[in-house]
Amino acid sequence: MARYNAKESERHWQAEWDRRALFAAPDHSDKPKCYVLEMFPYPSGRIHMGHVRNYTMGDCIARFRRAQGFAVLHPMGWDAFGLPAENAARDGGVNPRDWTYANIDAMRSELKALGLAIDWSREFATCDPAYYAQQQKLFLAFYKAGLVYRSEADVNWDPVDMTVLANEQVIDGRGWRSGAVVERRKLSQWFFRITAYSEELLSALDGLERWPEKVRLMQKNWIGRSEGLRFQFTLSDGQKLDVFTTRPDTLFGASFVALSPDHPLTEQLAKTNPKLVDFIAECRKTGTAEAEIEKAEKLGFDTGLTADHPFDPDWKLPVMVANFVLMGYGTGAIFGCPAHDQRDLDFARKYGLTVTPVVVPDDADAKTFTVGKEAYTGPGKLANSRFLDGMTVEVAKAEVAKRLEAAGIGQRTVNYRLRDWLASRQRAWGCPIPMIHCAKCGVVPVPEADLPVKLPDDLNFQAHGNPLDAHPTFTRVKCPTCGGDAKRETDTLDTFVDSSWYFARFTDPKAQEPLNRKAVDYWLPVDQYIGGIEHAILHLLYSRFFTRAMHETNFVGLDEPFAGLFTQGMVTHETYTGPDGYLLPEQIEKRGDKAFLTGTDTEITVGPSEKMSKSKKNVVPPMRMIESYGADAIRWFMLSDSPPERDVDWSESGVEGCWRFVNRVYRLVDEAEGLPAPGTAITATDDVSKSLRQATHRAIAAVTDHLSGLRFNSAVAQLYTLANAISDGAKAEASARREALEALVLLCAPMMPHLAESCWQALGHSKLVAQSEWPRFDPTLVVSDSVTMAVQVNGKRRGEVTVPKTADNASVEKEALALEAVVRALEGKAPKKVIVVPQRIVNIVA
RNA sequence: GCCCGAGUGGUGGAACUGGUAGACGCACUGGACUCAAAAUCCAGCGCCCGCAAGGGCAUGUCGGUUCGAUUCCGACCUCGGGCACCA
């Protein structure tokens with residue numbers, strides 16, 4: 001019995017594909033194009049199962065579309081800037097560039113072992129000067145177009161390390177290395193004007209039909225369009241204060257006015273109030289993360305000022321400074337209506353402010369309705385609100401807006417939650433921002449002739465702060481305008497910038513300009529983009545913005561970069577805990593239901609499956625699995641069972657099952673006897689042959705449909721069914737068996753390409769599967785002429801009838817009523833009603 | 001705190017636009033082959049009652065709409081993702 005030699009076969013076919021350059025994408029082609037892209041990886045040094053899942057899915061689609069006759073672009077690159085390299089440089093004394101490229105080399109060879117149909121000639125890393133040079137040109141083009149500006153923004157500041165921290169480097173309010181309490185500090189930084197596109201980014205979501213609904217919804221909420229009212233309070237010191245509200249209807253429920261700690265008025269008041277200075281400092285101890293600010297205890301400070309109610313100058317509201325009012329949203333000042341906003345309520349309860357319900361649900365009594373610990377945010381009628389009483393929320397909103405507009409102190413406005421993109425980072429391992437600061441001329445762009453601004457190789461990562469600042473020569477530069485001494489910008493760009501246009505660069509990665517318009521016009525948009533759901537908002541929104549900005553600056557001719565998006569689930573594994581904490585799966589062995597430390601009697605606790613992570617040690621190195629079972633079995637596992645958008649649980653027994661199937665397919669082909677030559681006409685006269693042909697064509701139809709819809713797991717199930725049919729059809733005519741085997745091999749090929757090549761060769765073909773067309777099905781063989789319908793009595797299944805597809809309802813009803821089980825269930829009574837849904841079901845109502 | 005998902009046998013899951021719940025795989029059990037094992041092949045496999053025929057219960061929980069609900073609606077529970085400097 002022949003056993004499939006995965007290792008040898010995989011090496012052989014990978015070399016064959018390479019030799020023929022089969023996966024090199026053409027620059028232009030008469031064929032329809034299909035751009036398949038998986039989110040490019042961060043070069044951490046080793047691939048993990050999440051990568052395997054992601055790239056297997058993309059590869060499956062790329063191979064499938066190729067077979068269907070598309071010109072396919074399926075490239076790979078590296079998201080190579082970022083914190084880990086900088087950390088490695090600081091901890092291990094290595095050069096971040098050397099560290100990164102060594103990781104890339106290691107990961108590339110691991111990816112290649114998966115047998116991916118990738119055009120490696122287009123590979124690049126975002127840390128290649130050739131890439132970031134073009135990015136600097138884009139940045140300057142955006143700057144000229146007014147899409148880049150400089151402004152102040154808060155950062156997490158570590159006062160001991162004298163450095164800016166990422167949110168993930170702030171743990172419980174302290175710096176991860178120094179342990180110092182982190183402060184919020186203002187720095188002058190670079191922004192992209194993404195808010196210029198708020199409305200467009202929102203409305204265009206409707207057109208993204210091949211995006212998951214949930215991602216569109218997440219982006220919609222992120223952009224956060226709200227219609228509201230901006231109006232003025234007059235303060236007791238005579239100043240005017242602008243506030244924004246989405247609930248003008250609740251104006252008579254107001255019990256305070258609150259300012260952000262960062263509001264200009266707060267700063268002005270602090271000049272004469274040392275206690276307010278302390279309060280602002282207290283607020284600044286919370287990090288910059290929104291979750292942190294929202295979860296922090298509500299804090300307030302009474303300024304002593306009051307504000308006149310806009311409809312009643314005698315009604316004075318206290319003016320507070322509150323830590324939950326964000327300067328970046330609306331006007332940085334609000335009026336608080338505790339009864340109908342949870343944050344305002346928490347705040348009011350803490351500071352003993354009045355809580356007056358002004359919206360009463362329709363099923364409650366206005367006289368007795370009160371608000372306790374939970375604000376009422378639902379619909380209802382206005383109460384305690386003078387001229388608004390009895391109105392609905394919507395009518396009251398309009399009424400208040402109308403009156404305040406008429407009084408000249410209010411204006412209806414549209415507000416967005418979306419903030420401009422803070423894109424500068426105080427880090428050394430990133431794309432330098434091509435700007436120069438001159439004492440005389442201000443901020444001056446680096447002239448195009450002087451690009452790229454390259455990162456120096458000799459950075460000292462032991463110093464405090466940004467190593468670029470400490471570099472002896474990097475910052476020294478002459479002002480391009482006046483020629484005097486000036487200082488080079490040391491901020492680098494957010495790595496999200498690198499990943500906001502890489503998909504476009506792949507269309508011509510060696511172009512001397514950021515983008516080759518001809519190549520971009522041919523290949524974009526990406527037809528199928530695949531990646532993790534964790535990128536649902538930021539990366540995808542930034543890329544959508546960038547594409548619009550590149551359109552405005554004439555680098556591309558479209559607005560939406562990704563026509564189809566798919567977000568895959570995570571890879572999980574059970575966790576093992578021994579006496580000394582977490583253990584690696586390879587350290588344990590299972591005996592019966594229990595798990596033990598390998599080679600010992602120490603029992604191990606088996607925990608639930610969780611996302612594979614280094615900290616929980618529940619990781620399985622893909623390369624070890626590929627060594628044991630071959631890439632095809634691993635690829636097959638990744639696509640079977642779990643639907644791709646859901647998490648998949650890695651299990652050894654599951655992979656073993658896949659490995660058995662690999663061998664089963666090989667054996668079916670290897671042991672098939674008496675097959676006619678390839679291309680022989682198919683005959684099928686007996687029933688066994690006919691039903692095998694039917695199974696074959698149904699499988700072709702189903703697998704084609706499932707792969708088109710990215711339902712890999714369903715495609716896999718159909719292939720198991722076809723393999724079973726081939727086993728059952730061992731006595732079928734040889735030509736029908738050849739047809740079935742060829743279909744099986746071709747349909748398996750996108751998922752198990754190496755096995756498919758070996759089988760295809762064994763079936764006597766000289767062309768490769770990778771050069772073969774996708775099989776077609778005969779529609780007449782897919783349908784059958786009779787149908788089995790379930791028969792229910794009062795919704796409970798009592799039997800079934802098999803009738804010709806063309807049977808009319810009356811004859812189906814007659815046959816159903818004649819069933820013994822139906823007669824018994826009816827107990828002699830006449831049916832009240834009989835529902836016959838043709839070709840589906842019969843329901844008899846007794 | 002806010003936003004977004006997901007819950008179906010021992011297990012991963014399938015079920016087209018509301019129409020036979022559990023396809024297909026894994027695990028398990030029994031059998032064949034073998035000196036033995038591996039591999040392979042055959043059979044069984046939601047739960048409860050029953051010798052059986054058959055009946056009842058079942059898609060996180062509780063309600064609702066419907067001739068009929070895993071699918072639609074409402075409330076709740078549990079788990080997961082995102083929250084702007086991780087990528």
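Everything numeric in this text was worked out from a predicted model, so none of it was measured. No hydrogens, no waters, no symmetry mates; every other heavy atom, side chains included, goes into these values. Lettering follows sequence order; numbering is per chain, from 1.
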Student: Return whichever of A:K214 or A:V842 has its heavy-atom-nearest nucleotide of RNA chain B closer to the 5' end.
Tutor: A:K214

Student: So what's B:A15 paired with, Watson-Crick or G-U wobble, going by both distances under 3.5 Å?
Tutor: none

Student: Please confirm whether the shortest side-chain N or O distance from A:R425 to OP1 or OP2 of B:C85 is below 4.0 Å.
Tutor: yes

Student: Taking pairing as Watson-Crick or G-U wobble with both contacts under 3.5 Å, can you name the mate of B:G9, or confirm there isn't one?
Tutor: none

Student: Tell me what A:E656 touches on the nucleic acid: a base, only sugar-phosphate, or nothing, going by heavy atoms under 4.0 Å.
Tutor: nothing

Student: Tell me the partner of B:C2, counting only Watson-Crick (N1-N3 plus N6-O4 or O6-N4) or G-U wobble (N1-O2 and O6-N3) with both under 3.5 Å; none if nothing fits.
Tutor: B:G82

Student: Compare the minimum distances between each of B:A87, B:G13, B:C85 and the side chain of A:H535, then state the nucleotide with the smallest one.
Tutor: B:A87

Student: Between the protein and nucleotides 22-25 of chain B, which nitrogen or oxygen pairs come in under 3.5 angstrom?
Tutor:
from, atom 1, to, atom 2, distance (Å)
B:G25, OP1, A:N724, ND2, 3.4

Student: Hey, what are the protein-to-nucleotides 67-76 of chain B N/O distances that come in under 3.5 Å?
Tutor:
from, atom 1, to, atom 2, distance (Å)
B:C67, O2', A:N843, ND2, 3.2
B:C67, O2, A:N843, ND2, 2.5

Student: So among A:N466, A:T490, A:D491, A:T163, which one has a side-chain hydrogen bond (donor to acceptor under 3.5 Å, both in side chains) with A:Q426?
Tutor: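 The residue from A:N466, A:T490, A:D491, A:T163 that satisfies side-chain hydrogen bond (donor to acceptor under 3.5 Å, both in side chains) with A:Q426 turns out to be A:D491.
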
Student: If you compare every side-chain N and O of A:N663 against the phosphate oxygens of B:A39 (OP1, OP2), does one of them come in below 4.0 Å?
Tutor: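 No.
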
Student: Check the angle between the aromatic planes of A:W99 and A:Y42 and answer parallel, tilted or perpendicular using the 30° and 60° thresholds.
Tutor: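 The rings of A:W99 and A:Y42 sit tilted, inter-plane angle from 30° to 60°.
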
Student: Do A:E86 side-chain atoms and A:W429 backbone N/O form a donor-acceptor pair below 3.5 Å?
Tutor: yes

Student: Quick one: A:Q839 CD to B:U20 P, roughly how many Å, whole number?
Tutor: 14 Å

Student: Identify, between A:V164 and A:C658, the residue whose nearest nucleotide on RNA chain B lies closer to the 5' end.
Tutor: A:C658

Student: Tell me if B:G9 is syn or anti. Syn = glycosidic torsion within 90° of 0, anti otherwise.
Tutor: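 In terms of base orientation relative to the sugar, B:G9 is syn.
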
Student: How close or far is atom P of B:C3 from atom CG of A:L541, stated in whole angstroms?
Tutor: 19 Å

Student: Please classify the nucleic acid contact of A:P643 as base, sugar-phosphate, or nothing, using heavy-atom distances under 4.0 Å.
Tutor: sugar-phosphate

Student: Can you run down the salt bridge (Lys or Arg N to Asp or Glu O under 4.0 Å) pairs that involve residues 791-802 of chain A, sequence neighbours left out, and say none if there aren't any?
Tutor: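 For residues 791-802 of chain A: A:R797-A:E800.
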
Student: Distance check, C1' atoms only: B:C76 and B:G7, in whole angstrom units.
Tutor: 14 Å

Student: When both hydrogen-bonding distances must be under 3.5 Å and the geometry is Watson-Crick or G-U wobble, what is B:G44 paired with, if anything?
Tutor: B:C28

Student: How long is the line joining CG of A:L540 and P of B:A84, in whole Å?
Tutor: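 From A:L540 CG to B:A84 P: 17 Å.
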
Student: Assess whether side chain to side chain contact (heavy atoms under 4.5 Å, CB included) is satisfied between A:V803 and A:E815, documenting all intermediate values.
Tutor: CA-CA 9 Å; A:V803 296; A:E815 230 179 290; 3.7 Å; yes

Student: Name the pairing partner of B:G50, where a pair is Watson-Crick or G-U wobble with both distances under 3.5 Å, or state none.
Tutor: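 B:G50 is paired with nothing.
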
Student: Checking base pairs now: Watson-Crick or wobble, both atom distances under 3.5 Å. What partners B:A39?
Tutor: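 Pair assignment: B:A39 / none.
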
Student: Parallel, tilted or perpendicular: which describes the rings of A:Y55 and A:H51, with under 30° parallel and over 60° perpendicular?
Tutor: parallel

Student: For the side chain of A:R667, starting at C-beta, report the closest nucleotide among B:A87, B:C85, B:C41.
Tutor: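 Among B:A87, B:C85, B:C41, the one nearest the side chain of A:R667 is B:C41.
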
Student: Just N and O in the side chain of A:R646: are any of them under 4.0 Å from OP1 or OP2 of B:G7?
Tutor: yes

Student: When we call it a touch if two heavy atoms are under 4.0 Å apart, what does A:W222 touch: a base, just sugar-phosphate, or nothing?
Tutor: base

Student: Measure the acute angle between the ring planes of A:F347 and A:F324, then classify it against the limits of 30° and 60° as parallel, tilted or perpendicular.
Tutor: perpendicular

Student: Assign a letter to each nucleotide of nucleotides 53-60 of chain B from its 5' end: B, base within under 4.0 Å of a protein heavy atom; S, sugar-phosphate only; -, no contact.
Tutor: -SSSS---

Student: So what does A:S424 touch, heavy atoms closer than 4.0 Å: a base, only the sugar-phosphate, or nothing?
Tutor: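 Base, at least one base heavy atom under 4.0 Å.
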
Student: Is B:U61 paired to anything, Watson-Crick or G-U wobble with both distances less than 3.5 Å, and if yes, which nucleotide?
Tutor: B:A75

Student: Per the ring pair (Phe, Tyr, Trp, His ring centres under 6.0 Å) rule, which among A:Y542, A:F546, A:F496, A:Y197 passes with A:F192?
Tutor: A:F546

Student: What is the distance from CZ of A:R840 to C1' of B:C16, rounded to the nearest Å?
Tutor: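 Whole-Å distance recorded here is 7 Å.
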
Student: More than 12 non-hydrogen atoms from neighbouring residues, nucleotides or ligands closer than 6.0 Å to CD on A:E820, yes or no?
Tutor: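 Count not over threshold, so no.
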
Student: A:S642 has a side chain; which of B:C3, B:G13, B:A87 sits nearest to it?
Tutor: B:G13

Student: Does A:R184 make a cation-pi contact with A:W157, if we ask for NZ or CZ under 6.0 Å from the ring centre and within 45° of the axis?
Tutor: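 The answer is no, since A:R184 fails at least one limit relative to A:W157.
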
Student: Using the side-chain heavy atoms of A:Q189, tell me which of these nucleotides is nearest: B:G19, B:C85, B:A6.
Tutor: B:C85

Student: Is the side chain of A:R425 donor-acceptor paired with the backbone N or O of A:L493 at a distance under 3.5 Å, no angle test?
Tutor: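 Flag not set: sc A:R425 to bb A:L493 has no pair under 3.5 Å.
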
Student: Report all interatomic pairs (protein N or O, nucleotide N or O of nucleotides 79-81 of chain B) with separations under 3.5 Å.
Tutor:
none

Student: Determine yes or no for a side-chain-to-main-chain donor-acceptor pair under 3.5 angstrom, with A:H340 supplying the side chain and A:Y376 the backbone.
Tutor: yes

Student: Side chain of A:I537 only, heavy atoms from C-beta on: which candidate in B:G1, B:G82, B:C86 is closest?
Tutor: B:G82

Student: Spell out, as yes or no, whether a donor-acceptor pair under 3.5 Å connects the side chain of A:D494 to the backbone of A:V497.
Tutor: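 No.
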
Student: So A:A536, base contact, sugar-phosphate only, or nothing? Heavy-atom distance under 4.0 Å.
Tutor: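 No contact at all - A:A536 keeps every heavy atom at 4.0 Å or more from the nucleic acid.
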
Student: Does any N or O in the side chain of A:S226 come within less than 3.5 Å of the main-chain N or O of A:T246, such that one atom is a donor and the other an acceptor?
Tutor: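 Not confirmed, A:S226 side chain does not pair with A:T246 backbone.
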
Student: Quick one: A:H539 NE2 to B:C83 P, roughly how many Å, whole number?
Tutor: 14 Å

Student: Figure out the CG/P separation between A:D649 and B:G10, and round it to whole Å.
Tutor: 17 Å

Student: Does a sphere of radius 6.0 Å around NZ in A:K298 hold more than 12 heavy atoms from other residues, nucleotides or ligands, not counting ones at 6.0 Å or beyond?
Tutor: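 Yes, enclosed.
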
Student: Among the candidates B:C26, B:G19, B:G13, find the nucleotide nearest to the side-chain atoms of A:S653.
Tutor: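 The closest nucleotide is B:C26.
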
Student: Which nucleotide in the set B:G19, B:A14, B:A84 lies at the smallest distance from any side-chain heavy atom of A:R419?
Tutor: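 Per side-chain heavy atoms of A:R419, the pick is B:A84.
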
Student: Assess the residue pair A:D262 and A:R284 against the criterion (salt bridge (Lys or Arg N to Asp or Glu O under 4.0 Å)); give the C-alpha distance rounded to whole Å, side-chain angles, the decisive distance to 0.1 Å, and a yes or no.
Tutor: CA-CA 9 Å; A:D262 302 314; A:R284 290 189 167 277; 2.9 Å; yes

Student: Looking at B:C85, B:G5, B:G13, which one has an atom nearest to any side-chain atom of A:L217?
Tutor: B:G5

Student: Find the distance A:H706:NE2 to B:A15:C1' and express it as a whole number of Å.
Tutor: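 So the NE2-C1' distance, A:H706 to B:A15, works out to 11 Å.
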
Student: Below 4.5 Å, heavy atoms only, C-beta onward: do A:E297 and A:K350 meet side chain to side chain?
Tutor: yes

Student: Between B:G1 and B:U70, how far is it from one C1' atom to the other, in whole Å?
Tutor: 33 Å

Student: Expressed in angstrom and rounded to an integer, what is the separation of A:Y542 atom OH from B:A87 atom C1'?
Tutor: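 Rounding to the nearest Å, OH of A:Y542 and C1' of B:A87 are 13 Å apart.
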
Student: Taking only residues two or more places apart in sequence or in another chain, which ones pass salt bridge (charged side-chain N to carboxylate O under 4.0 Å, His left out) with A:R177?
Tutor: A:D91

